[in-house]
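Structure, as structure tokens:
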2 protein chains.
Amino acid sequence: MAHGIGDVAARTGLSVHALRFYEREGLFAGPIVRDPGGRRVYSDDDIEWVELCARLRETGMPIDAIRKYADLVREGPGNEPDRLALLQAHQERIEAQMEALSVGLSMISYKVRVYEKRLAEGTASDLWTGRAASGD
Amino acid sequence: MAHGIGDVAARTGLSVHALRFYEREGLFAGPIVRDPGGRRVYSDDDIEWVELCARLRETGMPIDAIRKYADLVREGPGNEPDRLALLQAHQERIEAQMEALSVGLSMISYKVRVYEKRLAEGTASDLWTGRAASGD
DNA sequence: ATAAGAGCTAGAGCCCGCTCTAGCTCAAGC
DNA sequence: GCTTGAGCTAGAGCGGGCTCTAGCTCTTAT
């Protein structure tokens, strides 16, 4: 199936600007075909690739790293260990991020509980003790 | 306990530049005391606050949002529901992020497994079938 | 035939979050 | 008393990742 850039944008959540930008930046593994009028025509495979890029970006992989991966794929078979290394490195980054998020989340959840408790007491007693029970 | 800015930087992982920047940006709930020579002197409470800010930033809360929270705290008691709302909103953002990360992670883990398998087969058979088994 | 709408390129612009510089002051150790 | 090192301010600069603009072309529906 062939798809126009607008289509692809709509279905991947990226903007058409971003799609052209990614292409210029060399994030695509192969050239995007053009129709006789010079417009980009995306294949289903292209869309799949764009979706991968979107996930990689969403999980914080820098453009630069994605380009390196795309370069390897473009080079063709033979460099699988290198590709694997890039993916694994990113896997670890994601795991670290998740850890950081969960630490932050539990800190915030704690504060939320404190506020909720204080508010419940407040509506019950209609009185605030200022900084009596800390917790900003 | 009183701490110099270098100290605080070391123990929070932020740079001294970032600490001054945060202060300028109004992320602090109260003014930072200065010594007779004009240097910042951080209390334990200040450090705790800085640590909160660091966690909020790490989890992707924009400077702007942290400032709003700090503004509320600075205003004093009475606006707890507003503070709670900000925290809850951020809590949700974090949860959404974690979701996105885990989707991305599973996509990548899948690819990693594919490569590992292909490599294992490759070393076994010493032959690559090119794009026979897709998966970039 | 025409007007609307999607696409194209090259390049400028923007936002965020720091980071760095210049030029100065201060406190402490040798 | 002098050097070294930490700190200060105001403001410039930067890197990443888009986003937007201008000016043009092409397709399509009326």
Side-chain angles (χ1 to χ4, degrees), chain A residues 1-28 31-43 46-47 50-70 90 93-94 97 100-101 104, chain B residues 1-28 31-43 46-47 50-70 90 93 97 100 104:
Chain A
M1 297 291 103
H3 310 268
I5 197 173
D7 252 46
V8 179
R11 88 173 51 189
T12 60
L14 294 171
S15 70
V16 298
H17 297 293
L19 284 168
R20 293 193 281 242
F21 169 72
Y22 283 8
E23 187 176 340
R24 256 186 287 168
E25 291 294 300
L27 300 201
F28 289 171
I32 299 295
V33 171
R34 301 302 182 104
D35 74 8
R39 289 136 128 156
R40 293 168 177 83
V41 178
Y42 296 81
S43 69
D46 291 333
I47 292 189
V50 170
E51 249 146 19
L52 171 61
C53 291
R55 296 296 138 239
L56 292 175
R57 285 291 309 121
E58 259 180 35
T59 53
M61 186 180 257
I63 295 268
D64 206 69
I66 301 179
R67 177 171 32 233
K68 275 176 190 126
Y69 184 70
H90 187 52
R93 274 195 297 257
I94 295 179
Q97 273 185 84
L101 284 183
Chain B
M1 298 292 103
H3 310 268
I5 197 173
D7 253 46
V8 179
R11 89 172 51 190
T12 59
L14 295 171
S15 70
V16 298
H17 296 295
L19 284 168
R20 293 194 279 244
F21 169 72
Y22 282 8
E23 187 176 338
R24 258 185 285 166
E25 290 294 301
L27 299 201
F28 288 169
I32 299 296
V33 171
R34 302 302 181 106
D35 74 7
R39 288 135 130 160
R40 292 168 178 83
V41 177
Y42 296 81
S43 70
D46 291 333
I47 291 189
V50 170
E51 250 146 19
L52 171 61
C53 290
R55 297 296 136 240
L56 293 175
R57 285 292 307 123
E58 259 180 35
T59 52
M61 185 180 256
I63 294 270
D64 206 68
I66 301 179
R67 177 171 32 235
K68 275 176 191 127
Y69 183 70
H90 187 51
R93 273 194 298 257
Q97 273 184 87

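All figures in this text were calculated on a predicted structure; none of them were measured in a lab. Each chain gets a letter, A, B and so on, in the order its sequence line appears, and its residues count up from 1.
- Results of the side-chain contact (heavy atoms from CB on, under 4.5 Å) test with A:Arg40 over A:Asp46, A:Leu19, A:Ile5, A:Val8 single out A:Ile5 as the only residue that passes.
- In this structure, B:Glu23 atom CD and D:dT9 atom P are separated by 7 Å, rounded to whole Å.
- Rounded to whole Å, the distance from CG on A:Asp35 to P on D:dC26 is 10 Å.
- Considering CD of A:Glu58 and CZ of A:Arg55, their distance stands at 4.5 Å, rounded to 0.5 Å.
- Separating the CD atom of A:Glu58 from the P atom of D:dC18 is a distance of 11 Å, rounded to the nearest angstrom.
- Atom CZ in B:Arg39 sits about 6 Å away from atom C1' in C:dA27, given to the nearest Å.
- Scanning both residues, B:Gly104 and A:Thr59, for their nearest heavy atoms gives CA-CG2, 3.8 Å.
- Among the nucleotides D:dC8, C:dG17, D:dG17, the one closest to any side-chain atom of B:Ile63 is C:dG17.
- Each of B:Gly6 and A:His17 was assigned the nucleotide of DNA chain D with the nearest heavy atom; the assignment lying further toward the 5' end belongs to B:Gly6.
- Between B:Arg67 and C:dC16 there is no side-chain polar atom (N or O) within less than 4.0 angstrom of OP1 or OP2.
- Minimum interatomic distance between B:Arg67 and B:Gly26 (heavy atoms only, all atoms of both residues): CG-O, 3.8 Å.
- For the pair B:Met61 CE and C:dC18 P, the computed distance is 14 Å after rounding to whole Å.
- Taking atom CZ of A:Arg24 as the reference point, atom C1' of D:dT19 lies 10 Å away to the nearest angstrom.
- For C:dC18, the OP1/OP2 oxygens have a side-chain nitrogen or oxygen of B:Tyr22 closer than 4.0 Å.
- For B:Arg20, a side-chain nitrogen or oxygen approaches OP1 or OP2 of D:dC8 to under 4.0 Å.
- Among the nucleotides D:dC18, D:dT9, C:dC18, the one closest to any side-chain atom of B:Arg40 is D:dT9.
- Backbone-only contact: A:Pro62 has heavy atoms under 4.0 Å from sugar-phosphate atoms and none from a base.
- Summary of the strand contacts: A:Gly37 and A:Ser15 both lie near DNA chain D, and taking for each the nucleotide with the nearest heavy atom, the more 5' one is attributed to A:Ser15.
- The minimum heavy-atom distance linking B:Val16 with B:Ala9 is given by the pair CG1-CB, 3.7 Å.
- The separation between A:Asp64 atom CG and D:dG17 atom P is 8 Å, rounded to whole Å.
- One can place NE2 of A:His3 at 17 Å from C1' of C:dA6, the figure rounded to the nearest angstrom.
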